[in-house]
Every structure is written in structure tokens, then in C-alpha cells.
There are 4 protein chains.
Amino acid sequence: MEVGVLGASGYAGSELVRLLLDHPAVTAVRCFSSSHAGEPVGRSLPGLAGFDGRFEPWQEAALEGLDVVFTSLPAGEAVPILSAARAAGVAAVDVGSDLRLAAVDYPTWYGYDHPEPTLLQDAVYGLPELWEEAVRRARLVANPGCYPTAVLLALAPLAREGLLPASVQVSATSGHSGAGRTPRAASHLPAAVENVQPYAFPGHRHVPEMERYLARLAGRPVQVSFLPQLVPASRGILAAAFIPAPPGWTQAGVTDAYRSFYQARPFVRVLDDELPQTAWVRGSNRCDVAARLDPRTGTIACLAALDNLVKGAAGQAIQNMNLMVGLEEAAGLPRFAPAA
Amino acid sequence: MEVGVLGASGYAGSELVRLLLDHPAVTAVRCFSSSHAGEPVGRSLPGLAGFDGRFEPWQEAALEGLDVVFTSLPAGEAVPILSAARAAGVAAVDVGSDLRLAAVDYPTWYGYDHPEPTLLQDAVYGLPELWEEAVRRARLVANPGCYPTAVLLALAPLAREGLLPASVQVSATSGHSGAGRTPRAASHLPAAVENVQPYAFPGHRHVPEMERYLARLAGRPVQVSFLPQLVPASRGILAAAFIPAPPGWTQAGVTDAYRSFYQARPFVRVLDDELPQTAWVRGSNRCDVAARLDPRTGTIACLAALDNLVKGAAGQAIQNMNLMVGLEEAAGLPRFAPAA
Amino acid sequence: MEVGVLGASGYAGSELVRLLLDHPAVTAVRCFSSSHAGEPVGRSLPGLAGFDGRFEPWQEAALEGLDVVFTSLPAGEAVPILSAARAAGVAAVDVGSDLRLAAVDYPTWYGYDHPEPTLLQDAVYGLPELWEEAVRRARLVANPGCYPTAVLLALAPLAREGLLPASVQVSATSGHSGAGRTPRAASHLPAAVENVQPYAFPGHRHVPEMERYLARLAGRPVQVSFLPQLVPASRGILAAAFIPAPPGWTQAGVTDAYRSFYQARPFVRVLDDELPQTAWVRGSNRCDVAARLDPRTGTIACLAALDNLVKGAAGQAIQNMNLMVGLEEAAGLPRFAPAA
Amino acid sequence: MEVGVLGASGYAGSELVRLLLDHPAVTAVRCFSSSHAGEPVGRSLPGLAGFDGRFEPWQEAALEGLDVVFTSLPAGEAVPILSAARAAGVAAVDVGSDLRLAAVDYPTWYGYDHPEPTLLQDAVYGLPELWEEAVRRARLVANPGCYPTAVLLALAPLAREGLLPASVQVSATSGHSGAGRTPRAASHLPAAVENVQPYAFPGHRHVPEMERYLARLAGRPVQVSFLPQLVPASRGILAAAFIPAPPGWTQAGVTDAYRSFYQARPFVRVLDDELPQTAWVRGSNRCDVAARLDPRTGTIACLAALDNLVKGAAGQAIQNMNLMVGLEEAAGLPRFAPAA
């Protein structure tokens with residue numbers, strides 16, 4: 001199987017390349033990057049030294065040789081490629097934001113009209129733990145954002161049961177890799193180390209995505225207030241929401257609901273008597289979730305931890321690819337995290 | 001003025017020593033430590049090399065020469081010292097947990113009866129931004145916990161206006177120094193770096209302190225669900241709570257309320273159009289707060305950032321001392337944080 | 001192929017387990033740990049959750065079912081196991097220090113006589129880039145220390161040419177995982193972050209290993225002064241030595257010598273016009289080396305970067321296993337490092 | 001005393017401002033910055049919030065009101081200001097590189113001729129531990145570079161005794177703040193955390209400074225090979241050089257030589273039986289040094305640790321100011337480092 005990655009020089013894109021190079025069903029990985037075209041991949045990405053590929057400039061003709069194309073590009077830039085892939089019948093996963101929302105959301109949250117709304121109708125939201133069957137049948141997948149993946153997995157079992165309030169408050173911490181590879185003041189090490197930086201409240205662009213798919217789970221509108229915070233780490237997201245416990249619920253009941261909801265899902269682990277930590281899933285495609293009841297206040301803390309570049313981006317994109325092409329869901333995906 | 005610090009070899013205690021050594025009104029700092037008695041202070045604490053003091057074993061007779069005594073000891077251990085200080089008429093600030101709660105809270109949250117409840121009646125809660133006059137008249141001060149300081153300062157303006165709901169949810173991040181100087185698995189660098197670690201939910205011991213003083217502000221009971229999280233940093237707390245905005249409130253109204261509440265307080269800064277960051281207050285006694293309204297959801301994010309060892313411990317203890325002995329509130333306290 | 005790991009709960013041991021679980025030729029991984037016997041592996045090592053193994057207490061009878069045994073134990077403790085493996089004809093790799101030195105070194109550097117010196121005679125030093133053929137024929141391998149691996153790979157091309165002076169000075173930085181999983185003051189996050197900590201000078205126990213194998217390469221004695229330094233990271237070693245350039249040598253000549261020395265070695269990369277960085281090899285089994293000439297002073301800086309838990313421990317142990325059992329050298333080993 | 005800081009928005013400049021604001025003899029601090037002119041200082045530097053100064057554009061007329069001017073500017077840019085200060089008789093300290101070298105060095109190391117070489121003749125090299133008397137008489141001071149300060153203090157006692165070899169090799173680690181406040185790829189947190197990055201070998205611009213002043217101490221030329229390395233921290237330099245021990249020297253003799261050399265210097269501490277760590281001097285103006293003999297190899301490791309923004313920049317500049325204007329050397333300078 002030959003695959004292509006657009007935006008292969010960024011963090012999500014290069015993580016895709018790294019994982020795809022070791023995928024048992026992938027025979028060739030082509031790397032596209034407008035900014036690095038012509039350069040050996042291992043030059044710009046020394047971690048991939050030993051891989052002898054070069055960045056290529058994108059051209060539509062490349063679709064012919066590809067079985068799957070991944071786009072990891074700034075907002076709006078993937079649209080023409082996805083459109084061409086659809087026309088050519090090539091399976092496509094957009095790791096960016098060009099397929100995740102309804103057409104009506106783009107003017108509000110991105111400041112422009114979506115240039116090709118029919119793509120949105122054809123696209124499937126690629127969170128396999130929630131909508132696996134749709135992904136299996138899809139040719140066009142919207143890979144979820146890193147924060148929405150964590151928030152949706154933390155809340156889905158309650159949402160499906162109709163137990164979410166109409167307005168949900170979420171705080172989350174993230175490593176800096178989520179903000180991309182371009183140096184900027186907030187991620188300059190002397191300013192970022194020994195610092196916790198809340199940002200983008202109100203108005204983070206992942207909010208409409210959370211609201212859209214929580215609503216799909218709940219069967220009615222859900223509003224989200226979302227406070228993201230950068231912590232001095234490269235990777236990892238920890239999302240936390242507090243939900244009022246339904247009357248009569250116990251810790252055992254909550255945990256059972258989560259366990260049965262995620263039964264047999266290879267990449268979600270429900271914790272019993274521990275709280276998730278980002279290091280426990282670092283480098284893996286796993287998301288650890290816990291729902292912990294405070295019996296005194298009747299509040300459930302719903303937590304999820306994942307690696308924003310794996311389960312929150314590249315790993316999930318491959319998980320989607322696996323399902324789309326009929327491979328085993330876990331093929332080529334890292335299951336384990338190191339202890340240090 | 002001669003002062004003594006018990007538990008001077010710990011993080012809060014040694015920070016007290018460091019700041020007191022440069023305090024303009026302090027002529028001598030005596031350092032007490034049972035575990036390091038006899039040792040030069042600069043040996044165990046190389047940052048204080050150049051200070052020629054030695055750790056002394058505590059004995060009550062030492063009270064005679066002291067104007068103020070600070071206790072920074074494990075739960076329960078300060079009680080006899082505080083009792084002796086009261087008897088001797090020596091001003092005392094307990095940086096630990098032996099004076100913060102009501103007698104009824106100790107069995108529930110600490111598992112023992114408070115051995116001398118009359119101390120609790122005589123003690124004043126030393127959060128000068130909220131109860132300055134009481135501190136000025138006090139001889140026995142309960143220095144607030146690091147998390148409660150942040151949470152109370154983040155919420156006080158709304159609490160005093162009666163705008164808190166009966167149940168409040170708070171998430172907070174903290175550097176590892178808050179957990180003390182003893183090595184332990186959660187703070188072992190390979191496990192702690194690149195990791196966000198929620199812990200002690202439900203049941204963190206700072207909860208009854210938050211509830212007690214929020215209730216005092218609000219004039220009625222307030223329940224707190226509290227999710228603390230360790231992030232890979234040494235210092236800094238960022239606390240966040242979401243509160244429903246009262247109908248008709250605007251961002252300008254919220255900010256005005258905070259500004260007028262904290263007017264003329266030297267150590268609280270109300271942010272306008274930014275969100276607090278822990279690095280901005282690192283090493284200083286300042287607490288930055290912001291209340292940011294999400295107009296779409298009608299939710300206010302109430303945030304506070306402080307340095308857990310300064311405004312959250314040693315600095316606030318000195319601020320209390322200053323008020324108790326009639327000095328200027330800010331005497332000897334660091335106002336500024338470095339840029340890197 | 002069934003393999004066993006003793007000391008499987010430590011950092012090197014658990015990294016071995018993690019990598020072996022994804023090794024294509026390994027069908028079963030048995031985990032032995034005296035301190036965690038009986039516990040599910042994924043409980044003590046949450047990164048391995050999903051692996052259903054349990055820690056077993058070691059007993060010699062276990063050797064029967066094993067094709068290869070790895071020992072990752074404190075000094076001296078592997079001797080009886082290695083001895084039993086030899087007797088049983090089971091291939092063994094000691095990741096600790098029980099096979100690396102000559103018998104005469106143990107009293108001097110470890111303070112005891114080696115309890116079974118014939119093991120030392122049978123053991124092969126497992127640095128495949130230097131002594132591959134010996135490893136292929138070995139049944140008992142001494143896996144090199146993390147620092148010696150870096151130092152030997154940095155200096156080997158010059159050493160083999162007879163270009164090392166009789167006394168070599170090396171400084172190196174390391175992440176804290178090299179010091180193991182047990183919490184201790186030097187690795188307590190608040191003391192370790194924002195800190196560079198030189199230690200064990202003079203007298204680090206890796207010195208006799210460096211001297212022994214540099215001498216083997218050089219054909220004459222080499223003395224090493226070695227200054228290790230902990231930096232605030234979990235993983236990574238960067239070793240640096242300054243060597244006087246032979247008269248007439250140019251940068252091109254030095255680089256050519258290194259390139260030709262390491263030609264066709266899958267896990268050593270010689271850098272041309274860059275200096276090695278530890279992040280570029282993080283998580284991979286690669287060692288990046290460079291020899292950079294300062295033409296003004298006639299000094300060559302010889303540098304090597306590796307991941308102390310992979311090429312410096314677990315990865316190299318698997319590389320040795322692969323060669324011992326006739327697999328491809330790179331089987332099951334991570335080639336690439338992530339960009340973030 | 002009124003002082004001015006040019007380049008006040010950078011890391012060294014803003015650290016100067018922070019320390020000068022608490023200096024007992026300084027009544028006003030004026031902040032000059034071309035890039036931030038007009039802005040409140042506390043806006044661009046939130047750590048200084050509460051200080052009500054604004055950045056001003058520089059104009060020569062400002063010299064009239066100033067007693068001392070500090071320049072912390074890119075190479076070459078301080079020359080006209082220093083020249084004007086000299087003409088106006090205002091004491092000046094250049095924290096940049098415009099006064100440190102001989103005229104002949106600028107074309108070689110900076111690629112341009114020094115525009116006003118008479119400044120170099122009038123300037124005094126401001127390393128008070130070595131040339132205090134010259135500083136006391138100076139009106140124009142070259143504040144040493146951060147690395148040279150560490151290297152010179154580590155080696156001076158041996159250099160003065162004529163014990164340096166003609167060619168010295170130095171490796172050093174540094175936090176990222178030394179490279180300034182402008183975001184760049186090497187200091188982008190995801191690339192910089194968990195990474196050790198050697199750079200600028202050969203050819204770092206601090207080399208001619210080290211060589212010039214080591215030669216001044218030694219009374220003959222000294223060549224330096226210098227390998228700087230960035231480690232994942234904001235602050236701190238640890239410099240290490242290996243020097244052959246003179247025949248017959250013992251550890252006690254080496255330590256005595258260092259102790260007697262630095263006797264009564266308030267900001268240098270000679271360590272006995274420990275090695276310096278950067279955290280032990282963090283935020284203080286102290287430099288810790290040690291010379292540790294490896295008796296087996298006859299090599300002395302000469303080590304120095306300092307905070308690059310304090311003793312390596314702003315603190316040392318104030319120390320120089322103190323001496324120039326006749327204040328106590330330690331006035332207004334932080335003596336202690338925190339324990340966490």
C-alpha cells in the first residue's frame with residue numbers, strides 16, 4: 001500500500017511518516033511539503049535519518065500512485081487536495097480542520113466560508129471508538145482534533161446515557177507540540193519552562209467540534225466552555241470535566257458504565273482506582289480515561305489522557321486508515337509507553 | 001527583630017529563611033530542624049551558603065529571645081510550639097495545617113482530634129487581602145495553604161457578592177515543590193517530566209479549608225470539588241474555576257468588580273485582557289487573577305496564579321508577620337518576577 | 001522464541017520488555033522481579049497496560065523454557081543466574097555490570113571479588129559496531145554500560161588508528177533515567193529541574209570499562225578522566241572528548257575516517273556538518289557521532305549522542321540477542337526518533 | 001542615583017532592571033528599548049508589573065540625568081552610546097560585546113572593524129574577583145560574557161600560578177536564556193526539552209575573550225577549544241576544564257590554592273568535597289567553583305557554576321557599578337538561591 005503525507009515536515013505530519021514507515025501494510029511513504037520540497041527528509045527531521053525519502057512538492061498527479069492520502073495542513077489548505085482525492089477515488093484522512101465542522105461553523109470560528117461544503121457532507125468523523133462503522137465505510141475522514149478526542153472519550157459514556165448537562169465546563173493541559181513546529185514566544189523555552197499558560201479562553205477553535213459531536217452523542221445541544229493550558233512538556237493532553245452525578249450513582253456504577261462502553265476497544269483503557277497520567281500513554285495510541293465520583297459533593301470528574309501527536313493526531317489517522325482499508329484496527333500502531 | 005523558623009530544612013521553611021535573611025527589619029534568623037540539628041544551614045541548603053547559621057534542635061526556652069516564630073511542620077507537630085508561643089506571648093505564624101480548620105474538621109480530614117482546640121479559637125486566618133484587620137490584631141496566625149490561597153483570591157470578589165453557586169468545581173495545576181522535599185515516586189524526574197499527574201481526587205486536605213473560608217465570604221455553605229494536578233515544574237500554582245455569570249453581566253463589569261475588590265492591594269494584580277501565567281509571578285509574592293467571561297456560554301473562568309512557596313507559603317507568612325508587628329505590609333517581600 | 005527478563009520492573013528491564021513485546025521473532029516475554037512478584041506487569045508499569053503478563057519470582061527451572069535470558073540487576077546479583085544459564089546452554093545478555101570487566105577490576109571498583117571469574121572469560125563484550133563477529137559466536141554477552149557505549153563509539157575510529165593520547169578526558173551529560181527507578185534526592189524534580197549536576201568525579205564505575213575497551217582498540221593502555229553530569233531530562237547521553245588532531249589532518253579527513261569506520265553499520269550515523277543532539281536519537285537504537293576539528297587549535301571534539309535506555313541498554317541488548325541467535329541485527333529495533 | 005538600561009526588554013536588560021529596582025542606592029531606573037518604546041515596561045515584561053516605568057526611545061540627551069548607563073545591545077550597537085557616555089563623563093557598563101576584546105579581534109570574530117577602538121583602550125574588563133582595583137578606577141567597563149566569567153573563575157587560580165597548558169579544552173552547559181529572548185528553532189520547547197544541543201564548535205565568539213584574559217592571568221598565550229551545549233533549562237552555566245595536575249599536588253593543595261585565591265571574595269565559593277551545581281546559585285550573584293583532582297590520572301577537573309543572567313550578566317554589571325561609584329561591592333545583589 002502506498003501512502004502520501006501532505007505537510008510532512010510539521011509535527012503531526014512527521015509523526016505520521018515515522019509511524020507509517022514501520023506499518024506492516026505500507027510499502028511506500030511519500031512526503032509532501034511545500035516549504036521543504038527537494039530536501040532529504042532526514043535533513044529537516046534528523047530523527048528520521050536513515051529514511052532516504054525526499055520532500056516533494058505536491059501535485060495532483062501524485063494521487064494516481066497513492067492508496068491513501070493524509071493532509072496535515074493549515075486551515076483551508078487541504079480542501080483542494082481532499083477534493084481531488086475524492087474525485088480520484090483515493091481514500092483520504094484530513095488531520096487538519098477542513099472536514100471537522102458543519103459548513104455553518106466556518107464563518108463563525110474560522111472567519112471564512114468553507115470553499116467546498118459537499119466535502120463536509122461526504123466526510124466521516126474519525127473517532128473509531130464512537131463511530132467505527134461509519135469509518136469503515138468512509139473514503140473521506142475528518143481526523144478529530146487532539147483536545148476533542150480527549151474530551152469526547154472522557155464524556156462519551158455519560159453523553160450517550162443522556163447524563164450531560166446542557167452546559168459543560170472543561171479544563172485541559174497540553175504539551176507545546178500541539179501548537180506546531182514554528183517557534184513563537186509562548187513556546188520559547190525560557191518563557192515556557194516553569195510556566196503554566198492558559199490561553200484562548202474564550203474562543204478556542206476546538207470548541208465547535210466538541211459541541212457538535214457531544215450533541216451527536218447526547219441527541220441534543222451541548223455547550224462547552226473550554227480552558228486549555230500549556231504546561232512545560234512537549235507532549236500529552238489531560239482533559240478534565242466535572243459532571244453532576246445522577247442520583248443514586250456509585251463509583252462502581254460509574255466505572256461499570258465506562259467499562260462496558262469501552263469494552264473491547266483496543267485503544268481506550270478505563271482506570272479503576274487511579275487517575276490518568278499523560279506519561280502512561282506517551283508515544284502510544286492509547287487513551288486512558290477515568291470517571292471518579294466525589295461522594296461528598298456528588299460530582300464526577302471525567303478525565304482523559306492521551307498523546308496529542310499519536311491518539312490526538314497521527315496515530316488516530318492511521319487507526320482510521322486501517323479501518324477504511326479493511327486492516328486490523330491496531331495494525332502498525334504503538335500500544336505501549338515507556339516507563340521513563 | 002529576631003525570628004525563628006521551625007522546619008527550616010524543608011522547602012517552605014528554607015524559603016522563609018532565605019527571605020527573612022534579607023528582610024530589613026529582621027536582625028537574626030534562627031533555624032530549627034530536628035532532622036538536621038547541629039548542621040550548618042548552608043551545608044544542607046547550598047543555596048544559603050554564606051549564611052553562617054546552624055540548625056538547632058527546638059526547645060521551648062528559645063522562645064524567650066524571639067519576636068516571631070514560624071512553624072512549618074508536618075500535620076499536628078506545630079501544636080505544642082504554637083501553644084508555648086501563645087503562653088509566652090510570642091507572635092506565631094503556622095505555615096502548616098494546625099490552625100487552619102475548625103476542630104470538627106480534623107477527625108474527618110486528618111484522622112485525629114485536634115489536640116488543643118483553643119488554639120483554633122485564638123487563631124486568625126492570614127489571608128491579608130481578605131481579612132487584613134484581623135491579621136493586624138492577631139498574635140496567632142494560620143497561614144493559608146497554597147491551593148486555598150489561589151482559589152480564594154480567584155473567587156473572593158464573586159463570593160462576597162453572593163454570586164457563587166452552592167457547589168463549586170476547581171481544577172488546579174501545581175509544581176512539585178508543593179509536595180515537599182522528600183523524594184518520592186511521583187516526583188522522581190524520569191516519571192515526572194513530560195507528565196501531568198492528577199491526584200487526591202476526591203479528598204484533598206485543602207478542600208475543607210477552601211470550603212470554610214469561601215463560606216465565610218459568601219455567608220453560606222459552599223461545597224468544593226477540587227482536582228489538583230502536578231505538572232513538570234518546580235513552582236507555581238494555576239487555579240481555575242468556572243462560575244455561571246449573573247444575568248446581564250459583561251466582561252467590563254466582571255473586571256471592574258475584581259479591580260475594585262482588590263484596589264490598593266500590593267500583592268494582587270487583576271488582569272484585563274490576558275490570562276494569568278505562573279511564570280509571571282515566579283519568585284514574587286504576587287498573585288495574578290483574572291475573571292474572563294465566555295459570552296456565548298455565560299460562564300466566567302476565574303483564574304489565579306501564584307508561586308506556591310512565596311505567596312502560597314513563605315512570602316504570605318512574612319506578609320502576615322509584617323502586619324502583626326506593625327510594619328509595612330510589603331516589607332522585605334519580592335515584588336518582581338524575572339523574565340526568564 | 002521465548003525470552004525472559006530479570007529485573008523487569010526497573011527502567012532498563014521494562015524498556016527491554018516493551019521492545020521485546022513488539023519484536024517479530026519473540027513469541028513470549030516472561031518478566032521476573034523479586035520486588036514485584038505476583039503483580040500484573042501493567043499495574044506497576046502503566047505504560048505496559050494491555051500486556052497481560054505478571055511478574056514472576058525467579059527460579060532456575062524457568063531457564064528450561066527460555067531461548068534467551070536478559071539480566072538487569074544490581075551489581076553482583078546476576079552472577080548466579082548467568083552461571084545457571086551457561087550451564088543450561090541458554091543464551092544470556094547481562095545488562096548490568098557483572099560481565100563487563102576483568103576479574104582484577106572488581107575489588108578496586110566494586111569493593112568485592114567477582115564470585116565466578118570464569119564467567120568473565122566466557123563473556124563477550126557486546127558492542128556490535130566494534131566486535132560483531134565475537135557477538136555472533138557468543139552465548140554470554142556483557143551488554144556495555146550507557147556511558148561507555150557513547151564514549152567508545154565517539155572515539156573508536158581514532159583509537160583503532162592509534163591516535164588516542166595515553167590520557168583521555170571525557171565529559172558527558174545524561175538524563176536521570178540512567179540512575180534508575182528508585183527516588184532519590186538528586187532526581188527529586190524540584191532539585192533536578194533547572195539544574196546541572198556533575199557527580200562521581202573522580203571514580204565513576206564506568207571508567208574501568210572505558211579504559212579496558214579503549215585499550216583493546218588502541219592496542220595499549222588508555223587512561224580516562226570522566227566527568228558525568230545529570231541534566232534535567234529523562235533520557236539521553238551526550239559524550240564529548242577532545243583529542244589532539246594528528247598533524248596534517250583536515251575536517252574532511254576526519255569525517256572520512258569516521259564514515260569508513262562505521263560504513264554499513266545500521267545504528268551509527270556519522271554527522272558531517274552538524275553536531276549530535278540527544279533528541280535526534282530519542283527512543284531509537286541509533287547513536288549519532290561526529291568528530292569536529294577546530295583548525296585554529298588543532299583539537300578534535302569527538303561527540304556521540306544516544307538514548308541511554310535504548311542504544312545504551314535495552315536496544316543494544318536486543319541487538320546483541322539478534323546477532324547471537326542469527327537474526328538480522330536490526331530486527332525489532334526502533335530506527336527512528338520523533339520530531340517532538 | 002539614577003541609572004539607565006539600554007536594551008531593557010531583553011533577558012539581560014530586564015534582569016538588570018529587576019535588580020536595580022531593588023538596589024538601595026538607586027533612586028530611578030530608566031528603561032530604553034527601540035523595539036518597545038512607548039510601552040509600559042510591565043506590559044512587555046509581566047514579571048515587572050507594578051513598576052510604572054515605560055520604555056523610552058534612546059536619545060543622547062538622556063545621559064544628562066544619568067549617573068550610570070548600562071548597554072545590553074546586539075554586537076556593535078552600543079558603541080555610539082558608550083562613546084557619548086565617555087564624552088559626557090557618565091559611568092558606563094557594556095553588558096554586550098563591544099568592549100571586551102582587542103581591536104584586532106573584531107574582524108576575525110565579528111566580521112567588522114571596531115568602529116571606535118579608543119573605547120577599547122579606555123575600557124576595563126569587569127571581572128572584580130580578578131581585577132577589582134581597575135574596576136574601582138574605571139568609568140567604562142566591559143562586562144564579561146557569561147561563559148568567560150565561568151571559565152575564568154574556574155581556571156584563574158591555576159592560571160595565575162602558571163599552571164595552565166598552552167592549549168585548554170573546555171566544555172560547558174548552558175540554559176537557553178543565554179541565547180536571548182527571540183524565539184528560534186533550537187529553543188522551541190518541543191525541540192529543546194529532552195535535548196542536549198552542542199553548538200558553535202569551533203568558533204564560539206566567547207573564545208577570544210577567554211583566551212585574552214587567560215593570557216593576561218598566565219602572562220603568556222593560552223589557546224582555548226570550547227564546546228558549549230544547551231540543556232533543557234532556562235538558566236545556569238556549568239563550565240568544566242581538565243588540567244594536568246602539577247607533580248606532587250594533592251587535593252588538599254589544590255583546594256588550598258583556590259581558597260586562598262578567592263579569600264574574602266563575597267561572590268565566589270570554593271567547594272571542598274562537593275561539585276558545583278547550577279541550582280545552588282540560581283538567581284544569586286554567586287559563582288561556585290571546585291578543582292577536583294583525580295589522583296589515578298593526575299587530572300584536575302576545574303568546575304564553575306553560575307547563573308548566566310546574574311553573575312554572568314546583570315548581577316556582575318551591578319557589582320561593577322557598585323565598585324565604580326564607591327558602594328559596597330555586594331550592595332543590592334542577591335546572595336542566596338532558593339532550595340526549589
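We use all heavy atoms of the structure for the numbers below, so side chains are in, but hydrogens, waters and symmetry mates are not. Chain A is the first sequence line, chain B the second, and so forth, proteins listed ahead of strands; every chain is numbered from 1.
- Under the ring-ring contact (aromatic ring centres under 6.0 Å, His included) criterion, H188(C) pairs with no residue at all, not counting sequence neighbours.
- Of the listed residues (R181(C), H176(C), R235(C), E194(C)), the greatest number of heavy-atom pairs within a distance under 4.5 Å of chain A belongs to R235(C).
- Within the 4.5 angstrom heavy-atom criterion, only side-chain atoms of V193(A), from C-beta onward, approach chain C.
- Remark: the backbone N or O of T255(A) is not paired with any side-chain donor or acceptor of D272(A) at under 3.5 angstrom.
- Listed by chain and residue number, nothing satisfies the ring-ring contact (aromatic ring centres under 6.0 Å, His included) test with H23(A) (two or more places apart in sequence, or in another chain).
- Using non-hydrogen atoms only and a strict 4.5 Å limit, the part of residues 331-340 of chain C facing chain A consists of R335(C), F336(C), A337(C), P338(C), A339(C), A340(C).
- A salt bridge links E56(C) to R30(C): one of the charged nitrogens lies within less than 4.0 Å of a carboxylate oxygen.
- Residues passing the side-chain hydrogen bond (donor to acceptor under 3.5 Å, both in side chains) test with E129(A), sequence neighbours excluded: K311(A), Q319(A).
- Within the 4.5 angstrom heavy-atom criterion, no atom of N308(C) approaches chain A.
- For the pair R286(A) and V310(A), the minimum side-chain heavy-atom distance is 4.5 Å or more.
- For L271(A), no part lies under 4.5 angstrom from a heavy atom of chain C.
- If you tally non-hydrogen atom pairs under 4.5 Å between each of A49(A), G42(A), S177(A) and chain C, the highest count goes to A49(A).
- Contacts between S284(C) and chain A at a heavy-atom distance below 4.5 Å are absent for every atom of the residue.
- Looking at L45(C), the atoms closer than 4.5 Å to chain A (heavy atoms on both sides) all sit in the side chain, from C-beta outward.
- Not a single donor-acceptor pair under 3.5 Å links the side chain of D307(A) to the backbone N or O of V281(A).
- Of the possible polar contacts, one joining the R54(A) side chain to the G38(A) backbone as a donor-acceptor pair under 3.5 Å is found.
- Side-chain N or O atoms of E329(A) include none that pairs as donor or acceptor with a backbone N or O of P266(A) at under 3.5 Å.
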